[in-house]
2 protein chains.
Amino acid sequence: MHTERVRLPALLDKLMSADQAAALIEDGMTVGMSGFTRAGEAKAVPQALARRARQTPLKISLMTGASLGNDLDKQLTEAGVLARRMPFQVDGTLRRAINAGEVMFIDQHLSETVEQLRNHQLKRPDIAVIEAVAITEQGHLVPTTSVGNSASFAIFAERVIVEINLAHAANLEGLHDVYIPSYRPTRTPIPLTRVDDRIGVPAIPIDPAKIVAIVVSQQPDSPSTVLPPDAETQAIADHLIDFFKGEVAAGRMGNDLGPLQAGIGSIANAVMCGLLASPFENLTMYSEVLQDSTFDLLDAGKLRFASGSSITLSPRRNADVFGHLERYKDRLVLRPQEISNHPEVVRRLGIIGINTALEFDLYGNVNSTHVGGTRMMNGIGGSGDFARNAHLAIFVTKSIAKDGAISSVVPMVSHVDHTEHDVDILVTEQGLADLRGLAPRERARAIIDHCVHPSYRGALDDYFQRACARGGHTPHLLREALQWHIDLEETGSMIGGLLNQARSA
Amino acid sequence: MHTERVRLPALLDKLMSADQAAALIEDGMTVGMSGFTRAGEAKAVPQALARRARQTPLKISLMTGASLGNDLDKQLTEAGVLARRMPFQVDGTLRRAINAGEVMFIDQHLSETVEQLRNHQLKRPDIAVIEAVAITEQGHLVPTTSVGNSASFAIFAERVIVEINLAHAANLEGLHDVYIPSYRPTRTPIPLTRVDDRIGVPAIPIDPAKIVAIVVSQQPDSPSTVLPPDAETQAIADHLIDFFKGEVAAGRMGNDLGPLQAGIGSIANAVMCGLLASPFENLTMYSEVLQDSTFDLLDAGKLRFASGSSITLSPRRNADVFGHLERYKDRLVLRPQEISNHPEVVRRLGIIGINTALEFDLYGNVNSTHVGGTRMMNGIGGSGDFARNAHLAIFVTKSIAKDGAISSVVPMVSHVDHTEHDVDILVTEQGLADLRGLAPRERARAIIDHCVHPSYRGALDDYFQRACARGGHTPHLLREALQWHIDLEETGSMIGGLLNQARSA
């Protein structure tokens, strides 16, 4: 039974039910689970854990690669299982618990979690729960649709629970490249110099004696929730592609642009879709998550190779891609997120990083995480890994939200995830601001002229002019700097606030 | 004449006066000059340029390694020479011009300037002015007390002016290790795996045909202005050394700690001095600037090796170190700042980065640059290069300034240079907050309990409690978040503001 999926016969006696495996997780434990951008998460064991916790309360500290699918964070939150959670999440129920201060959420750069585990700066997982396609003859784990932090979790944990998910095709094997940096003080360079280099091994090398349970499941990943391009996201894509054309014309990029990274979400996906009709050829991706657009570009012959840490597809592409994986396999690799997002590699390869901002300010500081400066949305994810070391750090957002009640371009962001030092290009549907080599007052001019929505342009320009009259390298009026956010909080609208201000003036 | 210093005879006819050389700099040019932390800057030519501009106005865009000594930024500012300036400065006169919006200042991570030049994202220098100890038989330039950005400036510039400074001893030759990363898309790993690796060449390799002028000068570097430790900086050092002892005891560090980086300034210098009496042995430095404390530690046998980009000493140590350089030479290397601060190397080596904060907030966001959120002090320097990729990102500051009128620990920083994601340890004379693995509310607790001055502790705790009652992952009261800064601006004191608030409540 399952001898093709569990190829080390000695392990077959570890087969058990999800409930039995979940019983190995004890109150107070630190647990590392697979899963990155709703792909490749362990499913049966956390579901069983949530069921058990509804009967017998227990709390754990849960670390994953990034977000989980299948409502797992919701179920675990509702069952009261999560005391601590890191490094990323996208679930509405968990988000409410985080913002209520009920779950301690540690919002980390995605490349850093395992580095901090390696150095014992974070407590290592007591137990790892890893979804796998198969266990090899050596007892090594073949990941499924994501690598994420799975390799290091399995290596660092004392005990490992493996979920063999039959919903994933066995031919995912061979897609992964597991490389683990060596320890200091004798750490050597990461030997990756090309997007398509394979530098590791195809399975997670662990001592099979650590495998304490094997659970067979058959539950697919959740589909991607990315929306198709709309007029605004299409306009953002168009501005960015025009900018790339200018860079190529100026000789700053070749016609293959350089390795592309695109954050998860509808805007970044629209930008990648925009490349389909572009004149660029032999494109490559060195990114975290490979989305529908990656496979559209591969099919169109535009994309030569894609490196990621996970594959997350919509229902439109899912069966097609995984049903014909051999068609893509020599042009794809999935790596640990430490390597897909590594500062060393990002700088060396010269990544073009395209990530979504929640809001940005006059001077190019970007808020990726906190609504109104206080309420966590999802987390910084990999955006900082890429922006800080990229050849081009690009942030995209629609210029307004909530039918214009919110301007995404504000006098001062209410929370900073990416500082002015690290942001090169800002794009909204209104246009593109190229901030490279500009001083703050020049950046403000570019942002006001190109990015802000017309309904907020006058107010932002007025703020800037009055701030400049007060002086300073980065002019601000501290009494008004956060007023737009205060108005939003108190009146439900930044425009409302502006109108009130005008009335009272 | 000077044939030992200019060893390629064909270049001897390029010898000319500083005034003649300065005449080669034209209005509107971009000029790259040597100089890093007041060490190794070209002196005679910029002085001649300032003299000339007082007669015949001209404007240039000036880039250096970091700060200049000998009042050069002052003279150039007063002569109206500076249209644009990057990436760092410490001069009071220039600072005023920057804050008045008269000089466009681009405040950059010190590792990034030449990377952006290499990619043509910044305009390359038309002319470079480089201080050298000597020109070799091949026409290559031997830097003096700093490498900084000199190598890439000389390589990228069409024309090079060399200042041979006889005030520097000829035996500086051999101290430098000039490595230039290769171009993308075939860039290879930086082959540096140990602090004492030499991976480059001892002189800056340029085509001697580019050398258009050689000026002989004899003017020493400015001395360091670092102050000796006082009670507060000593207390900061003590807290940090206790923390290091704990890390060693916990097995997270060896007794050699790992490569140390210390920002310029009195606090970081005090911390390094504190290591003299510590139990740690075989220390190494992988830093930007080597200060008095480096040589005190070398003399004491505590420090095994020091890598930097410059040497800046007080009058106390200057003659002694440079008069007996052979004593130190096999334990020292000076590198381009791109390499001393490179994200790839910082991560690989596991740097312990110790830098000074201007202020930090409840959640661990750090402001290194902007007084009151608007007025530039010096610039971010290398602090972000190190903090973002370090094994430990440590920021130090005294808890109060201006006799208590200012708290360095505030509800929300008025400008963010280092985000909560990148800050591990905060230290004031009050104590040390270890933020690793903590969620924002936990970070706030640690910072209130350990770092804030007692005279502000109650007010900060009150803010935090009331913010928590409003909710959010990172609780804030937007209406009050910047009030301490507003009070300082309007009343000259944060305490004054607090008292007024108490009175009106």
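Chain naming here is simple, since letters A, B, ... match the order of the sequence lines and numbering starts at 1 in each. This is a predicted model, so every value here is computed, not measured.
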Report summary line: Sorted by chain and residue number, the side chain to side chain donor-acceptor pair (under 3.5 Å) partners of A:R441 (sequence neighbours excluded) come out as none
Report task. Would you mind telling me which of A:E420, A:H485, A:R443 has the largest number of heavy-atom pairs within less than 4.5 Å of chain B? Result -> A:E420
Query raised in the report: What option among B:D417, B:T188, B:D424 has the most heavy-atom pairs under 4.5 Å with chain A?
Result: B:D417
Query - Interface moiety of B:A481 toward chain A, non-hydrogen atoms closer than 4.5 Å - result: side chain
**Report entry** Segment of A:L478 engaging chain B (4.5 angstrom heavy-atom cut-off)
**Finding:** both
Query raised in the report: With only heavy atoms counted, which part of A:D361 is less than 4.5 Å from chain B, the side chain, the backbone, both or neither?
Result: neither
Query - Closest-packed option against chain A by number of heavy-atom pairs under 4.5 Å, given B:E112, B:M412, B:M86 - result: B:E112
Query raised in the report: Which of the residues A:R187, A:Q116, A:Q108 is involved in the greatest number of heavy-atom pairs with chain B at under 4.5 angstrom?
Result: A:R187
Query raised in the report: Can you tell which of B:R96, B:E490, B:R85, B:H342 has the highest number of heavy-atom pairs within less than 4.5 Å of chain A?
Result: B:E490
Query raised in the report: Looking at B:R375, B:H418, B:R194, B:H476, which has the largest count of heavy-atom pairs under 4.5 Å with chain A?
Result: B:H476
**Report entry** Part of A:R388 within contact of chain B (heavy atom distance under 4.5 Å)
**Finding:** both
Query raised in the report: With a 4.5 angstrom heavy-atom cut-off, which part of A:R470 approaches chain B: side chain, backbone, both or neither?
Result: side chain
Report task. Please flag which part of B:I98 lies under 4.5 Å from any non-hydrogen atom of chain A: side chain, backbone, both or neither. Result -> both
**Report entry** Residue part contacting chain B, namely of A:R84, when any heavy atom lies under 4.5 Å
**Finding:** side chain
Report task. Under the side-chain contact (heavy atoms from CB on, under 4.5 Å) rule, what do A:H473 and B:R95 come out as? Steps first, then yes or no, please. Result -> CA-CA 9 Å; A:H473 175 61; B:R95 186 181 296 141; over 6 Å; no
Report task. Indicate yes or no: does B:E489 engage A:R479 in a salt bridge with an N to O separation below 4.0 Å. Result -> no
Report task. Identify which of A:T113, A:I190, A:N99, A:L482 forms the greatest number of heavy-atom pairs closer than 4.5 Å to chain B. Result -> A:N99
Query raised in the report: Given the options B:V416, B:V103, B:N119, B:I486, which has more heavy-atom pairs under 4.5 Å with chain A than any of the others?
Result: B:I486
Requested in this report: Just give me the residue among B:D422, B:V345, B:L122 that pairs up with chain A most often, heavy atom to heavy atom, under 4.5 Å.
Outcome: B:D422
Report task. Could you list the residues that satisfy ring pair (Phe, Tyr, Trp, His ring centres under 6.0 Å) with B:H415, not counting sequence neighbours? Result -> B:H370
Requested in this report: Check each atom of A:L192 against the heavy atoms of chain B and say whether the ones under 4.5 Å are side chain, backbone, both or neither.
Outcome: neither
**Report entry** Main-chain N/O of B:H391 paired to A:Q121 side chain as donor or acceptor, under 3.5 Å
**Finding:** yes
Report task. Might you confirm whether atom CZ of A:R436 has over 12 heavy atoms from other residues, nucleotides or ligands at distances under 6.0 Å? Result -> yes
Query - Heavy-atom donor-acceptor pair, B:H421 side chain to A:D107 backbone, under 3.5 Å - result: yes
Query raised in the report: For B:M253, is it the side chain, the backbone, both, or neither that has a heavy atom closer than 4.5 Å to a heavy atom of chain A?
Result: neither
Requested in this report: Return the minimal non-hydrogen interatomic distance between B:T374 and A:P475, and the atom names on each side.
Outcome: CG2-C, 4.3 Å
Report summary line: Cut-off 4.5 Å, heavy atoms of chain A, and the answer for B:R184 is side chain
Requested in this report: Assess whether side-chain contact (heavy atoms from CB on, under 4.5 Å) is satisfied between B:H120 and A:R252, documenting all intermediate values.
Outcome: CA-CA 6 Å; B:H120 294 277; A:R252 285 190 289 267; 3.8 Å; yes
Query raised in the report: Which answer fits A:T186, side chain, backbone, both or neither, if we ask what part of it has an atom under 4.5 Å from a heavy atom of chain B?
Result: neither
Query - Contact class of B:N389 relative to chain A, heavy atoms under 4.5 angstrom - result: side chain
Query raised in the report: A:A467 versus chain B, heavy atoms under 4.5 Å apart: side chain, backbone, both or neither?
Result: neither
Query raised in the report: Measuring heavy-atom distances to chain A, does B:S182 have an atom under 4.5 Å in its side chain, in its backbone, in both, or in neither?
Result: neither
Query raised in the report: If we only count heavy atoms from C-beta on, is the A:T193 to B:P189 side-chain gap below 4.5 Å?
Result: yes
